[in-house]
Number of protein chains: 2
Amino acid sequence: METPLSRKLRNYVPLGPVERDMLAEALEPARMVEPRADIVEEGEDPRSVNVIQSGWACRYRQFEDGRRQIISLLLPGDCCDPHIFLLDRRDHAIGALTPVSIARIGATAMAELMSRNAALDLAFHREALAASAIQREWTVSLGRRSGVERLAHLFCELHVRLSAVGLADGTSCPMPLTQPDLADALGQTTVHINRTLQDVRAARLLTLKSRRLTLLDPDGLRRLAKFDPSYLHLQASRVAPRGLEAPGP
Amino acid sequence: METPLSRKLRNYVPLGPVERDMLAEALEPARMVEPRADIVEEGEDPRSVNVIQSGWACRYRQFEDGRRQIISLLLPGDCCDPHIFLLDRRDHAIGALTPVSIARIGATAMAELMSRNAALDLAFHREALAASAIQREWTVSLGRRSGVERLAHLFCELHVRLSAVGLADGTSCPMPLTQPDLADALGQTTVHINRTLQDVRAARLLTLKSRRLTLLDPDGLRRLAKFDPSYLHLQASRVAPRGLEAPGP
DNA sequence: CGAGGCGTTGAGCAGAATCAACAGGAGTGG
DNA sequence: CCACTCCTGTTGATTCTGCTCAACGCCTCG
């Protein structure tokens with residue numbers, strides 16, 4: 001059975017029906033989480049893995065004074081390891097941004113998957129590498145990219161990541177993030193995000209309405225963002241670094 | 001034999017002389033790297049690991065227009081995996097900030113270490129978890145901490161990390177970073193770093209001279225930075241969250 | 001002795017925050 | 001069904017944090 005997870009892992013390693021079935025069997029039935037609710041609960045086995053089947057979530061950190069920073073965005077096919085609880089205190093939380101459907105791979109099932117199938121083992125390792133590459137890229141964005149560049153870069157990243165799980169077509173994808181969400185992800189205020197959005201819209205680079213993002217000028221947007229998809233380690237971006245995705249059927 | 005690496009890993013898992021010796025044997029003889037030179041070379045086996053024996057290095061990303069962002073700082077005992085080369089293009093480089101002594105653990109030695117000794121396996125896994133926790137914390141700093149807070153937080157982090165490898169005493173530690181380095185790590189300009197430094201000095205929180213940092217008011221600094229050492233997952237910070245380090249002998 | 005990197009200072013500017021207000025839409029309860 | 005509330009998106013005015021440009025002293029090192 002094809003799930004967002006297997007779909008994504010196939011970008012790192014070719015997976016046959018055998019591997020896909022092993023994955024599907026390991027996944028426990030999904031549960032739903034409401035927007036704004038936290039996903040990972042204290043006391044979970046830290047070696048198990050939560051996989052997003054649908055919906056968007058985020059790792060975030062909230063200060064007492066109200067400031068919030070979104071540390072990373074979790075899309076369908078992404079894993080949120082509850083490693084957070086490996087030791088004493090959790091340093092961040094994972095929350096749903098939209099209604100989210102979560103499936104779990106238990107600790108033992110996960111261990112068996114990795115030990116019994118080399119391809120899956122490799123795929124999960126590359127997945128983890130890609131996740132840290134994304135985190136590093138966020139560091140670069142927050143540190144050295146300007147407001148417009150940051151916004152443009154995030155949209156480029158999300159479009160490619162969604163493409164990798166079949167949730168985007170050539171130039172558009174869902175964009176459930178509100179402006180407050182974008183602000184907390186990009187380290188700015190909603191007011192400023194709003195104005196930056198108006199700028200990129202005025203530059204005819206993209207449209208964003210009814211929770212859908214359309215790239216009007218993908219190359220222009222990438223140039224502006226200094227976006228180089230190779231850090232995502234996806235097959236698609238290696239095969240065709242220019243025209244990112246083949247047009248949908 | 002005790003190395004910065006074994007010293008650090010002991011913070012995650014108790015290691016006996018057996019494990020320490022296994023580690024020491026796996027380490028190939030060290031090589032020196034000059035400041036400003038890059039450490040990891042193209043073509044290295046991505047599964048091997050470079051361990052810093054002495055000196056400071058950093059992951060960084062440089063744009064064509066000159067902007068540089070330091071993505072993370074690597075201290076003695078830290079591992080810099082050349083995973084960077086797992087796929088096509090490298091997304092960042094690793095460079096020496098001071099003279100650096102590097103030892104390598106070959107790919108096969110590393111694999112044997114992990115498979116033959118459960119404690120070491122666990123220790124390396126926790127090390128990796130701690131590294132990503134640090135990366136997340138940098139995301140939070142760059143996104144939502146003000147100039148002073150960022151600077152204060154970085155100093156707190158570095159002091160604790162250096163303590164974990166025995167390179168700091170109760171209130172002071174080496175600080176080879178120049179103001180341009182600090183600027184590139186914290187996403188600001190050297191001019192502004194300079195002024196922020198003057199502020200924290202004026203507030204009698206710390207002194208910084210001849211490449212040495214002294215925390216005059218550690219608690220005040222931590223409060224200012226909203227620094228909670230638990231994310232570093234170090235034993236010391238769990239045992240004594242208040243008075244971070246026991247005074248040296 | 002010259003060169004280059006580092007640290008420091010000043011003046012002026014700009015990107016982003018803050019404060020405030022309001023319109024539109026979705027959901028809720030009377 | 002309507003009034004109400006809350007959240008999102010938008011705009012304006014003002015403030016401030018941090019950047020740019022520029023200059024200079026200092027130190028190290030060749």
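Computed from heavy atoms alone, side chains included, the values below leave out hydrogens, waters and symmetry copies.
Listed by residue number, A:Thr178, A:Gln179, A:Pro180 are the residues of residues 172-187 of chain A with a heavy-atom contact under 4.0 Å to DNA chain D.
When heavy atoms are screened at a 4.0 angstrom cut-off, A:Arg150 is found touching no nucleic acid atom at all. Residue B:Arg201 is in sugar-phosphate contact alone, with no base atom involved, counting any heavy-atom pair closer than 4.0 Å across all strands shown. Contacts of A:Arg36 with the nucleic acid, taken as non-hydrogen atoms under 4.0 Å apart, involve only primed sugar atoms and P, OP1 or OP2. The residue A:Arg67 sits apart from the nucleic acid: no heavy atom pair falls under 4.0 Å.
Note that the two end axes of the helix from C:dC1-D:dG30 to C:dG30-D:dC1 enclose an angle of 40°, each drawn from 5 base pairs, rounded to 10 degrees.
When each of A:Gln198 and A:Arg144 is assigned the nucleotide of DNA chain D with its nearest heavy atom, A:Gln198 is the one assigned upstream, toward the 5' end. Residue-to-nucleotide proximity on DNA chain C shows that, of A:Thr190 and B:Arg195, the 5′-proximal contact is made by B:Arg195.
Between the A:Gln69 side chain and the A:Ala185 main chain, a donor and an acceptor come within less than 3.5 Å of each other.
A:Tyr60 and A:Asp38 share a donor-acceptor pair across their side chains, judged by distance under 3.5 Å alone. Looking only at atom types and distance, the side chain of A:Arg61 has no donor-acceptor partner in the side chain of A:His92 under 3.5 Å away.
Pairs engaging residues 140-151 of chain A under the salt bridge (charged side-chain N to carboxylate O under 4.0 Å, His left out) rule: A:Glu137-A:Arg145, A:Arg144-B:Asp184, A:Glu149-B:Arg67 [sequence neighbours left out]. Sorted by first and then second residue, the salt bridge (charged side-chain N to carboxylate O under 4.0 Å, His left out) pairs involving residues 196-210 of chain A (not counting sequence neighbours) form an empty list.
Partners of A:Gln135 under the side-chain hydrogen bond (donor to acceptor under 3.5 Å, both in side chains) rule, at least two apart in sequence or in another chain, are B:Thr139. Under the side-chain hydrogen bond (donor to acceptor under 3.5 Å, both in side chains) criterion, B:Ser54 pairs with no residue at all, not counting sequence neighbours. For A:Ser172, the side-chain hydrogen bond (donor to acceptor under 3.5 Å, both in side chains) partners two or more places apart in sequence, or in a different chain, are A:Asp169, A:Arg212. Take A:Asp78 and apply the salt bridge (charged side-chain N to carboxylate O under 4.0 Å, His left out) test, not counting sequence neighbours, and it matches A:Lys8, A:Arg161. The side-chain hydrogen bond (donor to acceptor under 3.5 Å, both in side chains) test applied to A:Asn194 returns A:Gln179, A:Gln198, not counting sequence neighbours. Contacts of B:Arg211 classified as side-chain contact (heavy atoms from CB on, under 4.5 Å), with partners at least two apart in sequence or in another chain: B:Thr178.
Contacts between chain A and DNA chain D, taken as any atom within less than 4.0 angstrom of a protein heavy atom, begin and end at D:dC7 to D:dA13. Close approach of DNA chain C to chain B, defined as any atom under 4.0 Å from a non-hydrogen atom of the protein, starts and stops at C:dG5 to C:dA11.
Taken from CZ in B:Phe155 to CG in B:Leu206, the straight-line distance is 6.0 Å, to the nearest 0.5 Å.
Between B:Pro176 and the choices B:Leu213, B:Thr98, B:Asp181, the side chain to side chain contact (heavy atoms under 4.5 Å, CB included) rule is met once, by B:Thr98.
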